Trainee: 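One structure, pasted below without further comment.
Note that ligands are numbered from 1 as they come in the structure, with each ligand's atoms numbered from 1 the same way. We use all heavy atoms of the structure for the numbers below, so side chains are in, but hydrogens, waters and symmetry mates are not. Only a predicted model underlies this, so the values are computations on that prediction, with no experimental measurement involved.
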Amino acid sequence: MTNRRKFIAQAILGGLGLSVGQQGKAASRWPISGLASEPAVISTWNNVAANRKAWKVLKKGGRALDAVEQGVRVAEANPEDMSVGYGGRPDRDGKVTLDACIMDEEGNCGSVCFLQDIKHPISVARLVMEKTPHVMLAGEGALQFALENGFERENLLTEDARKSWEEWKKESHYQPVINIENHDTIGMLAIGQDGNLSGACTTSGAAFKMHGRVGDSPIIGAGLYVDNEVGGAVATGLGEAVIKTAGSFLVVELMRQGMSPQAACEEAVRRITRKQKGYEDFQVAFLAINREGKAGAYSIHKGFMYALSRQGGHEVVDAGHFI
Ligand code: GLY
């Protein structure tokens, strides 16, 4: 993706407004009085197209769960996004393997990991949540479940991704590096007109990873966590570092204790920099929103940004950073 390091403000005034009637109706349906916020969508990086799709769902009064699923599917289908879904960079054996999870306002969640040949792992994750007594399906079992439920098997390795793998193979240097292009997981959180929160997270994981490696993105509490009474958080960056600190769960728990989303994201990053050696050489970022609709984001290194959509428009916001 281009322009990632540049601040981009794309307020599109007037194009997003909910009608007064819709707002009034929503306000009366908010379940926890005093905690209501307006509808909002936030997602990692500059995925404005994904936010727009999610916003359309919210604008019609749709569920936040539908919004985040529809939103991240935009990134999954985009071959130019080389860290998510179709067009994602393969592992070191040349296989595109995908991880995704989803969580709703009731704490229900579903997840798939090490899934191959299916373009929309987020929708498979949702079906795991809705149609099975389980939370997570992996590899062949996840694929079998997807095929049984009507998903089509597709080759996800695009020519560009194959070329970048061929290039990598020349040196085959296997070491996580600070490279935000390699970690472009889309994590999305939405608040619906009814005040309910949901989240989704999907990725092709670290480029040229070991075959079988699974990162944080399909792990509830690591790549994503939502608690409807508090807020939600998502993570991007080096999955191993996020898993070691149960990052998204940590951010939500810090918000539960009274921290703002910004302070919670900062503390979660500091937890990594205090406890994990070598943090100077990898990137991790957290993005959070609380029930009041306040957003926060923080990363180890400069370069992380997030897309924020509200009634007034869409904007891409640079996050603060530790180093
Ligand atoms: N955060 C994505 C991964 O490490 O796989």
Trainee: Would you give the length of the straight line joining atom CH2 of Trp55 to atom NZ of Lys60, rounded to the nearest 0.5 angstrom?
Mentor: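 Rounded to the nearest 0.5 Å, the CH2-NZ separation comes out at 13.5 Å.
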
Trainee: If every non-hydrogen atom of Gly195 is compared with every non-hydrogen atom of Asn228, which pair is closest and at what distance?
Mentor: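 Gly195 and Asn228 have their closest heavy atoms at O-OD1, 4.3 Å.
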
Trainee: Relative to the heavy atoms of Thr185, which atoms of ligand 1 are at a distance of less than 4.0 Å?
Mentor: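 Listed by number with element: 1 (N), 2 (C).
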
Trainee: Side chain, backbone, both or neither: which part of Ala235 comes within less than 4.0 Å of ligand 1 when only heavy atoms are counted?
Mentor: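 Within the 4.0 Å criterion, Ala235 makes no contact with ligand 1.
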
Trainee: Under the side chain to side chain contact (heavy atoms under 4.5 Å, CB included) test against Asp227, which residue among Arg256, Met255, Met103 passes?
Mentor: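 The side chain to side chain contact (heavy atoms under 4.5 Å, CB included) with Asp227 is passed solely by Arg256 among Arg256, Met255, Met103.
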
Trainee: Taking only heavy atoms of Gly215 into account, list the atoms of ligand 1 that are under 4.0 Å away from them.
Mentor: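 Per the distance check, 5 (O).
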
Trainee: Could you label the plane-to-plane angle of the Phe208 and Trp168 rings as parallel, tilted or perpendicular, counting under 30° as parallel and over 60° as perpendicular?
Mentor: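 Ring orientation of Phe208 relative to Trp168: parallel.
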
Trainee: Would you say Gly237 and ligand 1 have an N/O pair spaced under 3.5 Å apart?
Mentor: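 In this structure, Gly237 places an N or O atom under 3.5 Å from an N or O of ligand 1.
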
Trainee: Counting from 1, what ligand 1 atoms have a heavy atom of Gly205 closer than 4.0 Å?
Mentor: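 The atoms of ligand 1 under 4.0 Å from a heavy atom of Gly205 are 5 (O).
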
Trainee: Can an N or O of Gly239 be found at a distance shorter than 3.5 Å from an N or O of ligand 1?
Mentor: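 Yes; the residue has a nitrogen or oxygen that sits under 3.5 Å from a nitrogen or oxygen of the ligand.
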
Trainee: Is Glu240 in polar range of ligand 1, meaning some N or O pair under 3.5 Å apart?
Mentor: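 So ligand 1 has no N or O lying under 3.5 Å from an N or O of Glu240.
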
Trainee: Would you kindly say whether Gln257 and Glu253 are connected by a side-chain donor-acceptor distance under 3.5 Å?
Mentor: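 Short answer, no.
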
Trainee: In Å, rounded to the nearest 0.5 Å, how long is the span from NE2 of His301 to CD of Gln283?
Mentor: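 Here the rounded value is 6.0 Å.
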
Trainee: Given Glu166, which partner from the list Lys163, Lys170, Arg162 fulfils the salt bridge (Lys or Arg N to Asp or Glu O under 4.0 Å) test?
Mentor: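 Looking at Lys163, Lys170, Arg162, the match for Glu166 under the salt bridge (Lys or Arg N to Asp or Glu O under 4.0 Å) is Arg162.
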
Trainee: Report, in ascending order of atom number, the atoms of ligand 1 lying under 4.0 Å from any heavy atom of Ser217.
Mentor: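 What qualifies from ligand 1 is 1 (N), 2 (C).
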
Trainee: Could you tell me whether Arg213 approaches ligand 1 through its side chain, its backbone, both or neither, with non-hydrogen atoms closer than 4.0 Å?
Mentor: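 Only the side chain of Arg213 comes within reach of ligand 1.
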
Trainee: My understanding is that only residues two or more places apart in sequence, or in another chain, count here; which of them pass side-chain contact (heavy atoms from CB on, under 4.5 Å) with Ser260?
Mentor: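 Gln262, Ala263.
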
Trainee: Under 4.0 Å from any heavy atom of Asp216, which atoms of ligand 1 are there?
Mentor: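 That gives atoms 1 (N), 2 (C), 3 (C), 4 (O) of ligand 1.
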
Trainee: State the atoms of ligand 1, each with its element, that fall below the 4.0 Å cut-off from a heavy-atom position in Ala206.
Mentor: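 Counting from 1, the qualifying ligand atoms are 5 (O).
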
